[in-house]
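See below for the structure under consideration.
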Number of protein chains: 2
Amino acid sequence: MKNASDAKKSPARPPTLEDVARAAGLSPITVSRALNTPDIVRPKTVAKVKEAVQLTGYIPNMLAGGLASRRSKLIAVVVPQINNSMFIDTIQAISDELALRNYHMLLCVSGYSPETEADIVSTLLSRRPDGIVLTGIHHSSELKKCVLNAAIPVVEIWDLTPTPLDMLIGFSHEKIGNALARFMLGKGHQRFGLIWTPDQRAALRHKGILDVFATHTGLTFTDSHVPLPATIARGREAMAQLLDRGEQYSAIICSSDTLAQGAIFEAQSRGLRVPEDVAVIGFGDLDFAQCTLPPLTTVKVDRWKIGQQAATLLADKIEGLPVAESVVDIGFTLIERGSA
Amino acid sequence: MKNASDAKKSPARPPTLEDVARAAGLSPITVSRALNTPDIVRPKTVAKVKEAVQLTGYIPNMLAGGLASRRSKLIAVVVPQINNSMFIDTIQAISDELALRNYHMLLCVSGYSPETEADIVSTLLSRRPDGIVLTGIHHSSELKKCVLNAAIPVVEIWDLTPTPLDMLIGFSHEKIGNALARFMLGKGHQRFGLIWTPDQRAALRHKGILDVFATHTGLTFTDSHVPLPATIARGREAMAQLLDRGEQYSAIICSSDTLAQGAIFEAQSRGLRVPEDVAVIGFGDLDFAQCTLPPLTTVKVDRWKIGQQAATLLADKIEGLPVAESVVDIGFTLIERGSA
DNA sequence: TTGTATGCGTTATCAT
DNA sequence: ATGATAACGCATACAA
């Protein structure tokens, strides 16, 4: 009587493989196989196991499983911040693809400091993830040592380099900067305002712009630096400061769409018409870009694909599948809409 | 010679506690203590251990540690979607607070289906998380059984109920609906358009509005349902459809700020003035709400605090600390700005 | 197709 | 303050 009810009710300790095995009249390892590799187990046996699992309320212990198999089915993802419109689609895409492949995502925030990133990665490594996604290509040497030593697949995202740690999927920020500058110059603009955040990748786009600017004469530009995170509010403030200087700008180039939209709001609130009085261009092609007034001219990057591909590369490599190209430039597109 | 280099170079297998112990001339358990509870170990011994850790490049294995100690230092977080402006600040807050407390975050996406959520939670449980954060209060009975059986602390967020699974931090969507309706009615509006997404919590706010509407006479309202996710683009489309019906609306109530901003853009693009010709109110007080043209009238919820508190409640309960109140209504504020 | 023996790397428990 | 021993729950390697 007592035992019968104990078997159904919550036991002191959660049921293990052994409990299931006992209930099914099999050995633990057979139960393990029935659960993990049902193809190599007789269907009848699998059925018996499933029944026993149901009966016991068994839930596998992946800590134990991972320890024994040396595969955790865990992917660590490190981003500068989660609540950032730029990265969030990529994160979602990673999560989705990983779920399809039966991995779980360990998500961590590194801020924009390589030291913090290194700390985070070193503790992350103690989870024995099967792979890791890192944002950007600028890491501390300590981090590189750690990660390389862990000997797990790595994907760096959101940037490009000929010398990635392992795999990489991103695009060239400098080329985007070049494209931005050429486009605006092509529109005849000469007096620029630049609204910019201080992160590494934005700096690269900035450099790309300046490199093109340097080949032209007669143009002027004014920098306005805003702190992270890049919000619409910060864009408005920066634009306000720029306009308060009393200078004239024919065009404002922003390091992100949020900043750009903020700049547009500020310009409009002062009665300036966009793009007639001042043109504004952003970066990111965030979801709102196409439906603002005027719609935002910007640079589109397939943020979703970055995540989907990163997860795929990782899972493929972990599972020993052939990985076609391990360094992927997904490129970008300048989308001309109404604002510039 | 060979051994000397082997010790420094990457060994076939990563160093274990035993390797560190050998290098330090101590027993593994002492090394474990020096690392986890340095206070109960002689300072000199701790120093020796740290040196040995450095030397060997030891990285703890939390799979093994978690298995032995039955504490994984893992918190599972389940949200309907990651790339959703509503949840993302909460997620970031959870992550930040958890990092402070030395936990890692396992983040999963459930969509808006209770069945999917149940599946996800049951696989998540196999990681033996020390606690779990669930979005909302509507879960399948299967999920409830699983979670309760796992006997781990649970926090439900973003909603309110007198009967949570365990702990809860949220607010009343119905009351927000009430407040929304009263505010608009107070402004003298009589002809409403409602732009709404089909998720559970939005439905509650909708109900809250209708309950108040029911107590008034002479008002009319038209529903416009939009699919998830709630984007600015969807808001524009819905507003366009509403306006194309040829009816007149004095006010539009939207289930989110993004939808509201979309509605505003659409109205403005048709030459309608907001709020003079049509008032618009949203929900969420997303970061852009205060700086749009006109600034958005909306309902503010402390999304950050929800996350921070959820993580704190969980960590406290896990660590046996006293938990003051395990059901927290963080309330909301209707913020009147320019759009309504 | 199923089972046996063993080890994964750590911590709990009890001892000294 | 430190150590010896025995789990923790599962999968690998090999055997039958």
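Labels below follow one simple rule: chain letters A, B, ... track the order of the sequence lines, proteins then strands, and each chain is numbered from 1. For clarity, every value in this text was computed on a predicted model and none was experimentally measured.
- Residue I29(B) is in base contact, counting any heavy-atom pair closer than 4.0 Å across all strands shown.
- When the side-chain nitrogen and oxygen atoms of S32(A) are compared with OP1 and OP2 of dC10(D), none of them lie within a distance under 4.0 Å.
- Within 4.0 Å (heavy atoms only), R70(B) reaches sugar-phosphate atoms of the nucleic acid but no base atom.
- Within 4.0 Å of R128(A), counting heavy atoms only, lies no atom of the nucleic acid at all.
- Residue contacts for P28(B): at a heavy-atom cut-off of 4.0 Å it reaches no nucleic acid atom on any strand shown.
- Taking side-chain N and O atoms only, S69(B) has no distance below 4.0 Å to OP1 or OP2 of dT11(C).
- Rounded to an integer number of Å, the gap from L35(A) CG to dA11(D) P is 8 Å.
- Among dA1(D), dT10(C), dG3(D), the nucleotide with an atom closest to any side-chain atom of L26(B) is dG3(D).
- Using a 4.5 Å heavy-atom cutoff, the side chains of K144(A) and V121(A) are not in contact.
- Distances from the side chain of T16(B) to the nucleotides dA11(D), dT2(D), dT10(C) place dT10(C) closest.
- Of the candidates dG3(D), dG9(C), dG9(D), the closest approach to any side-chain atom of N61(B) belongs to dG9(C).
- Considering only the side chain of R71(B), dA12(C) comes nearest among dG3(D), dC8(C), dA12(C).
- Comparing dC10(D), dC8(D), dA11(D) against the side chain of N36(A) picks out dA11(D) as the nearest.
- Partner of E156(A) under the side-chain contact (heavy atoms from CB on, under 4.5 Å) criterion, out of L165(A), V133(A), V327(A), D166(A): L165(A) alone.
- A salt bridge does not link K317(B) to D130(B): none of the charged side-chain nitrogens sits closer than 4.0 Å to a carboxylate oxygen.
- Within the structure, a side-chain polar atom (N or O) of S27(A) is placed less than 4.0 Å from OP1 or OP2 of dG3(C).
- Across the protein-nucleic acid pair, K73(A) atom NZ and dC10(D) atom P stand 17 Å apart, rounded to whole Å.
- Comparing dT11(C), dT2(C), dA1(D) against the side chain of T45(B) picks out dA1(D) as the nearest.
- The nucleotide whose nearest atom lies closest to any side-chain atom of R33(A) is, among dC14(D), dA11(D), dT2(D), dC14(D).
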